[in-house]
Amino acid sequence: MNKKELIKSLELIAVYMELKGENPFKISAYRKAAQALEQDERSLSEMEDPAKLTGIGKGTAAVVEELRETNRSELLETLKEEVPSGLVPLLDLPGLGGKKLAKLYQELGVHDAASLKKECHAGNVQKLAGFGVKTEEKIISALEDMGNRPERLPIHFMLEAAKVVEQQIEEHVEIDRYARAGSLRRMEETIKDLDYIMVVEDPDTARKQLKQLDLVSDVIADGQAKVSLELSFTYPVQVDVRLVEEKAFATTLHHFTGSKDHNVLIRQMAKAQGEKVSEYGVEDLETGDVTTFSSEEAFFSHFGLHYIPPEARLGRDETEQYKEPFETIVRNDIRGDLHMHTTWSDGALSIEEMALEARSRGHEWIAITDHSKFLQVAHGLNEERVLRQIEEIKRVNEKYNDIEILAGIEMDIRPDGTLDLDEDVLKRLDLVIASIHSSFSQTEAEIMHRMKAALYSPYVNIIAHPTGRLIGRREGYKVDVEFLLQEAAATGTALELNSNPNRLDLSAEWLRKTSEIGTMITINTDAHSPDMLNHMDIGAGIARKALLQKGQIINTRSYASLLSFLQEKRRIETE
DNA sequence: GCCGTTTTCGGCCCGACTGTTTTCAGTCG
């Protein structure tokens, strides 16, 4: 059994215990054990004694050992016999948790969606103590909605939805200020719902206006401090709004930005110094005085921490990392973008137009990197057109003295592992990106054969979207990422952090491993149109999530320093 | 079930909302 499967088993034990109505702390102990394993970088075989990890004690360690050695767990098997597996998916129904489901099972013999539906329609559910007519109605409608929407939606979908929601809020709700919170602010790859914190003059009016927004299909909760709405997009999207007084804005924003695990870390720190944290402020347990803060910076500083960017609030080791100043990347550090397309292949603007758009975003340098000839559908460039494009780029570059435009290419690595352009053309380019756009289903050996062609070519500076995944749609090709990170570092090849919210490739999870190895990373937008140049902010957010250091990120370099990086690989390999 | 530079027992992050209740449990984030 590998680590992933083992973690899954522990989580499954927790789920079954929940359905049995077990002690919630016991349940969370299994979840914590799973988490402890997940957050440890080592593989199962590299771990000598899992019980040494915080969060794994005698009981859970025994289960881990048993799973490791026998691939099964007595405890899990027993639970599976005691609790019908058909109940597991019912936990996803809103309003139904372990306790209610346990009761439904014990009292009515409910064991799956169909039997639950039957009991509801027979009117038996409303008769149970603690249940009622409304609960029964809600279950029926939840059962009907089940499967209409995936549990979480990809960030690119939610970013679009958020834009629409925010435009509506700004137009129709009387607000002093508001901010995004939740997993969208943390730049998670998938998002469950949209969260906003609002300061308003008149809460009653604001609540009324919120409920009247276009697209609102349901009001899920409507209280003094919180309004939950369902809006109809392609999928229904839940929007949670917290209404707060100005003085509680920072703490509320922090609280609802999460993550949940991050909040737990902060609250434990508070507790250790005799305080209690809630969305309303920090309470001194002795005096009962509540402190509020003018900003999140001030809030963190109260706990002796530097500002932790939302993306990095994972509830892992960030409260340790940010005790010392951590050189993370911010918008102003970004000096350029090395991956974009023009009308020469499948982009929307000319070279000059694209350069002006980049310049207006404060970039000091960019690279034009159209597709190469293998990508016929994108009107990729052959050798002759590459040479002509180099001339055109030179011409535009000479016209502007406040931005440097490099002549680059996004060259395909063909399925057979050959590069798509002749060496004597590659030599003439300032920068070469290599990409895989075909034969995604090859074996790992075949894919790695192609990767090696790029890694060991003296002309390839960057490997773009290294795993080829599309969030929520495509897994990506079979890459030995560990090897890629190592060899990229060894050969002076940078790996791309593709900022397109459909991709986010490499992922934050992989990027996290690069600091130690020393792999250079370039945050690229891969823009095909001017608005896509704005994706740089998303890429920077992912870099913060991965705790990348400034010095590792090519985008922070001056033009001269960028050039020396690009020339370094050629110099070494051609010597 | 886990954990301890106050603790080997008694806590375990904290609060809002709903629907069920006449003071609170369950669920959710």
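Throughout, protein chains are lettered first and strands after them, A, B, ... in sequence-line order, and every chain is numbered starting at 1.
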- Query: Checking all strands, does A:Ser28 fall into the base, sugar-phosphate, or nothing category for heavy-atom contacts under 4.0 angstrom?
  - Reply: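 Contact class for A:Ser28: none.
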- Message: Mind checking if A:Gly55 touches a base, just sugar-phosphate, or nothing, with heavy atoms under 4.0 Å?
- Response: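 Counting heavy atoms under 4.0 Å across all strands, the contact made by A:Gly55 is with sugar-phosphate only.
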Check the distance between [N]'s [atom2] and [X]'s [atom1] and give it to me in whole angstrom.
X        : N      : atom1 : atom2 : result
A:Leu75  : B:dG1  : CG    : P     : 8 Å
A:Asp261 : B:dC14 : CG    : P     : 15 Å
A:His254 : B:dG15 : NE2   : C1'   : 16 Å
A:Leu53  : B:dC2  : CG    : P     : 12 Å
A:Lys138 : B:dT20 : NZ    : P     : 9 Å
A:Lys26  : B:dC2  : NZ    : C1'   : 13 Å
A:Glu137 : B:dT20 : CD    : C1'   : 14 Å
A:Lys103 : B:dT20 : NZ    : P     : 13 Å

Taking [X] for its side chain and [Y] for its backbone only, find out whether a donor-acceptor pair lies under 3.5 Å.
X        : Y        : result
A:Lys3   : A:Leu37  : yes
A:Asn524 : A:Asp526 : no
A:Glu318 : A:Arg316 : yes
A:Arg68  : A:Leu44  : yes
A:Asp505 : A:Thr467 : yes
A:Glu136 : A:Gln126 : yes

- Query: By salt bridge (charged side-chain N to carboxylate O under 4.0 Å, His left out), which residues pair with A:Glu283, not counting sequence neighbours?
  - Reply: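 For A:Glu283, the residues satisfying salt bridge (charged side-chain N to carboxylate O under 4.0 Å, His left out) (neighbours in sequence not counted) are A:Lys276.
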Take atom [atom1] in [N] and the same atom in [M], then report the distance between them in whole Å.
N      : M      : atom1 : value
B:dG11 : B:dT6  : C1'   : 13 Å
B:dG1  : B:dT5  : P     : 23 Å
B:dT18 : B:dT23 : C1'   : 15 Å
B:dC12 : B:dT7  : C1'   : 13 Å
B:dC9  : B:dC14 : P     : 24 Å
B:dT20 : B:dC28 : P     : 15 Å
B:dT21 : B:dA16 : P     : 24 Å

Can you give me every donor-acceptor pair (side chain of residues 187-194 of chain A, partner residue at least two apart or in another chain, under 3.5 Å) with its distance?
{"residue": "A:Glu188", "atom": "OE2", "partner": "A:Arg186", "partner atom": "NE", "Å": "3.4"}
{"residue": "A:Glu188", "atom": "OE2", "partner": "A:Lys545", "partner atom": "NZ", "Å": "3.2"}
{"residue": "A:Glu189", "atom": "OE1", "partner": "A:Arg469", "partner atom": "NH1", "Å": "3.1"}
{"residue": "A:Glu189", "atom": "OE2", "partner": "A:Arg469", "partner atom": "NH2", "Å": "2.8"}
{"residue": "A:Thr190", "atom": "OG1", "partner": "A:Arg152", "partner atom": "NE", "Å": "3.0"}

- Item | Any-strand Watson-Crick or G-U partner of B:dT8, both distances under 3.5 Å |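 The answer is none; no pair meets the criterion.
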Produce the list of close N/O pairs, under 3.5 Å, pairing protein atoms with atoms of nucleotides 5-12 of chain B; give distances to one decimal.
{"residue": "B:dC12", "atom": "OP1", "partner": "A:Lys271", "partner atom": "NZ", "Å": "3.0"}

Partners passing side chain to side chain contact (heavy atoms under 4.5 Å, CB included) against [X] (at least two apart in sequence or in another chain):
X        : answer
A:Thr60  : A:Tyr30, A:Ala33, A:Ile56
A:Lys20  : A:Glu22, A:Leu79, A:Glu82, A:Val83
A:Ser499 : A:Ile523, A:His535
A:Val330 : A:Asp333

- Which pairs count as salt bridge (Lys or Arg N to Asp or Glu O under 4.0 Å) when at least one residue sits in residues 237-259 of chain A, sequence neighbours excluded?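 Qualifying pairs: A:Arg177-A:Glu246, A:Arg242-A:Glu279.
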- With sequence neighbours excluded, give me every salt bridge (Lys or Arg N to Asp or Glu O under 4.0 Å) pair touching residues 29-40 of chain A.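 Listed by first then second residue: A:Glu18-A:Arg31, A:Asp40-A:Arg42.
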- Message: At less than 4.0 Å, is any side-chain N or O atom of A:Tyr30 found next to OP1 or OP2 of B:dC2? Yes or no.
- Response: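 So the side-chain polar atoms of A:Tyr30 never come under 4.0 Å of the phosphate oxygens OP1 or OP2 of B:dC2.
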- Item | N/O (side chain, A:Thr135) to phosphate O (OP1/OP2, B:dT18) under 4.0 Å |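 No, outside the criterion.
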- Message: Expected output is a numbered-order residue list: members of residues 301-322 of chain A with a heavy atom under 4.0 Å from any atom of DNA chain B. What is it?
- Response: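 DNA chain B contact set from residues 301-322 of chain A: none.
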- Is there a residue in residues 57-67 of chain A whose heavy atoms reach under 4.0 Å of DNA chain B, and which residues are they?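 The answer is A:Gly57, A:Lys58, A:Gly59, A:Thr60.
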- Message: Does A:Glu174, at its CD atom, have more than 12 non-hydrogen atoms belonging to other residues, nucleotides or ligands within less than 6.0 Å?
- Response: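 Counting other residues, nucleotides and ligands, CD of A:Glu174 stays at 12 neighbours or fewer.
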- Query: Quick one: on DNA chain B, does A:Arg242 or A:Asn263 contact a more 5' nucleotide (nearest heavy atom)?
  - Reply: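 Its nucleotide being nearer the 5' end, the pick is A:Asn263.
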Protein-nucleic acid N or O pairs under 3.5 Å, nucleotides 25-29 of chain B:
{"residue": "B:dT27", "atom": "OP1", "partner": "A:Gly97", "partner atom": "N", "Å": "2.7"}
{"residue": "B:dT27", "atom": "OP1", "partner": "A:Gly97", "partner atom": "O", "Å": "3.2"}
{"residue": "B:dT27", "atom": "OP1", "partner": "A:Lys100", "partner atom": "N", "Å": "2.9"}
{"residue": "B:dT27", "atom": "OP2", "partner": "A:Lys99", "partner atom": "N", "Å": "3.4"}
{"residue": "B:dC28", "atom": "OP1", "partner": "A:Gly95", "partner atom": "N", "Å": "2.8"}
{"residue": "B:dG29", "atom": "OP1", "partner": "A:Lys192", "partner atom": "NZ", "Å": "3.2"}
{"residue": "B:dG29", "atom": "OP2", "partner": "A:Lys192", "partner atom": "NZ", "Å": "3.0"}

- Query: Among the nucleotides B:dG15, B:dG19, B:dC17, which one has an atom lying closest to any side-chain atom of A:Lys276?
  - Reply: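 When the side chain of A:Lys276 is considered, B:dG15 is the closest of B:dG15, B:dG19, B:dC17.
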- Message: Taking the minimum atom-to-atom distance to the side chain of A:Ala29, which one of B:dC17, B:dT20, B:dG1 wins?
- Response: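 Selected nucleotide (nearest to the side chain): B:dG1.
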- Check A:Phe299, A:Phe300, A:Tyr307 against A:Phe303 for a ring-ring contact (aromatic ring centres under 6.0 Å, His included) and give me the one that passes.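 Considering A:Phe299, A:Phe300, A:Tyr307, a ring-ring contact (aromatic ring centres under 6.0 Å, His included) with A:Phe303 is found only for A:Phe299.
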